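Data block below; observations after.
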2 protein chains.
Amino acid sequence: MDNQERQNKEQEILEAAEQEFLTKGYDGARTTSIAKAAGVTHAMLHYYFRTKEQLFERIVDEKFRVMSRSTLAAFGDPSLPMVERVRCGVINHFDFVSRNPLLPRFIINEIVSRPERYGVLHARIGAIIDNVYRGLQADIDAAAERGEMERVDAKMLFISIMSLNIFTFIAYPFMKPLMGELMADDAKFLEARKAENIETIMRRIKKQ
Amino acid sequence: MDNQERQNKEQEILEAAEQEFLTKGYDGARTTSIAKAAGVTHAMLHYYFRTKEQLFERIVDEKFRVMSRSTLAAFGDPSLPMVERVRCGVINHFDFVSRNPLLPRFIINEIVSRPERYGVLHARIGAIIDNVYRGLQADIDAAAERGEMERVDAKMLFISIMSLNIFTFIAYPFMKPLMGELMADDAKFLEARKAENIETIMRRIKKQ
DNA sequence: CTTTGCATTAACAATTATGTTAAACAATTG
DNA sequence: CAATTGTTTAACATAATTGTTAATGCAAAG
């Protein structure tokens, strides 16, 4: 068996594991079911990844990376005027969550149910965020000074953006059957929801 | 043993079960650990509730009821002027979630991981909501006509309110370590967050 | 006081998941 | 082609968890 094939098997296990863990969580996931979905015996899964725990770590690591990278990238281009920069941030963040709809719920559940493990990670991300914020808040203050927008707290604004964008996807399966025609067409609803979130945030920062 | 005592035991099991299921979810919960927390042997738990499944049902049922009652009640007093009615709705909903911080995550996870079971429930709630909405949208339109507020979609507004209020609590354990001083004092942060959510929603409906 | 019925316990049964191992197999290398 | 290394399988071991049961206790009712 050549390298190519081996990597394929590893990859297939990882993909099946991602699907299983993201939809069912650590406790609900079954290694046998992951192995089956990947088309390997469950002994092979253990051969490649030793334990369920270690396989899970791999998924968590990757997902955390994707999540934090994209979340930070959402606070894009500092060369844009502040108001446009925020609009752009909301759009980018919405689109990211839209491409990874299962991710936020997974990460939140993970952290809620095993807070002890993420101390290091938190410290690291915390430092990065702190840095970004200081700059962002300064830019907001400057723009407010120039009368371009309302003076707002950068962190609060950030939380609002995350709330509006993420909740849409977290609660989708819950809301969909409750909302009738509004949600009949997924694509249409998401488009409308995106516009609504942008509008809500833009009004929040609009000078009045 | 008198009636009082028996009901107490049942009650203690239910309370322990609620705690366990809400924090760990169905898969993560252990009946032995529930029994231990309730101070009974695990055979007693089975004696009272037969299976884990049935015990879980009891908790889900009650929690669903609490959740839907409070969510609807948040769209309070139709005698108030529309703008005040919305403000009041946001405040009531925030306070409700604040008193039941684990509830939204529990319900969302439940529904995501077992969608098939909630068809009936959904139909019922859907009908109620539909009803409330029709009235609410009419009231909003009328208020907009009178120039008291912006014309907005009632369902979209509702989703925004839920998003802002619920996400705060769902993501709290995740954000807390990331936000530094802002969240050092829980009570203070929640107060600030509540004010921020009210402001965000009020600006959304403000005539401009 | 005895009978009846519920409450309680401890021991046990069954199932399910994770993880291991030894042997078979395949591929690569010298 | 022999030796070595890594891969695969099937069978097994272990542990955890849910659920059952038969025996015992206990309280109230007749």
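Numbers restart at 1 for each chain; the letters A, B, ... are given by sequence-line order, proteins then strands. Nothing here was measured: the structure is a model prediction, and the numbers come from that model.
Of the listed nucleotides (dT9(D), dG19(D), dA10(C)), dG19(D) has the atom at the smallest distance from the side chain of His46(B). The side chain of Thr31(A) has dT18(C) as its nearest neighbour among dT18(C), dT18(D), dT9(C). Comparing dT18(D), dT9(C), dT8(C) by their nearest atom to the side chain of Ala43(B) picks out dT9(C). Side chain of Arg50(A), nearest nucleotide from dT20(C), dT9(C), dG19(C): dT20(C). Residue Arg30(A) has its side chain nearest to dT18(C) when only dT18(C), dT18(D), dT9(D) are considered.
An OP1 or OP2 oxygen of dT9(C) is reached within less than 4.0 angstrom by a side-chain nitrogen or oxygen of Thr41(B). Note on Tyr48(A): a side-chain N or O is less than 4.0 Å away from OP1 or OP2 of dT8(D).
Each of Val90(A), Asn197(A), Ile198(A) was compared with Leu164(A) under the side chain to side chain contact (heavy atoms under 4.5 Å, CB included) criterion, and only Asn197(A) meets it.
Atom pair Lys36(B):NZ and dT9(C):P shows a separation of 16 Å (rounding to whole Å applied). In this structure, Tyr47(B) atom OH and dA7(C) atom P are separated by 4 Å, rounded to whole Å. The nearest whole Å value for the distance from the CG atom in Asp27(A) to the P atom in dT17(D) is 10 Å. Distance NE2 (His42(A)) to C1' (dA11(D)): 11 Å, rounded to an integer number of Å. With rounding to whole Å, Leu45(B) atom CG is found 14 Å from dA7(C) atom C1'. If you measure from atom CE of Met44(B) to atom P of dC6(C), you get 13 Å, rounded to the nearest angstrom. Computed from coordinates, the Leu55(B) CG to dT17(D) C1' distance equals 15 Å when rounded to whole Å. If you measure from atom CZ of Phe56(B) to atom C1' of dT18(D), you get 16 Å, rounded to the nearest angstrom.
Contacts of Ala35(B) with the nucleic acid, taken as non-hydrogen atoms under 4.0 Å apart, are absent.
Rounding to the nearest 0.5 angstrom, the gap separating the CG atom in Leu45(A) from the OG1 atom in Thr31(A) is 6.0 Å.
Under the 3.5 Å distance criterion, the side-chain polar atoms of His122(A) are matched with a main-chain donor or acceptor of Tyr118(A).
Asp27(B) pairs by the salt bridge (Lys or Arg N to Asp or Glu O under 4.0 Å) definition with nothing, not counting sequence neighbours.
Residues Asn8(B) and Glu12(B) have side chains that never bring a donor and an acceptor to within less than 3.5 angstrom of each other.
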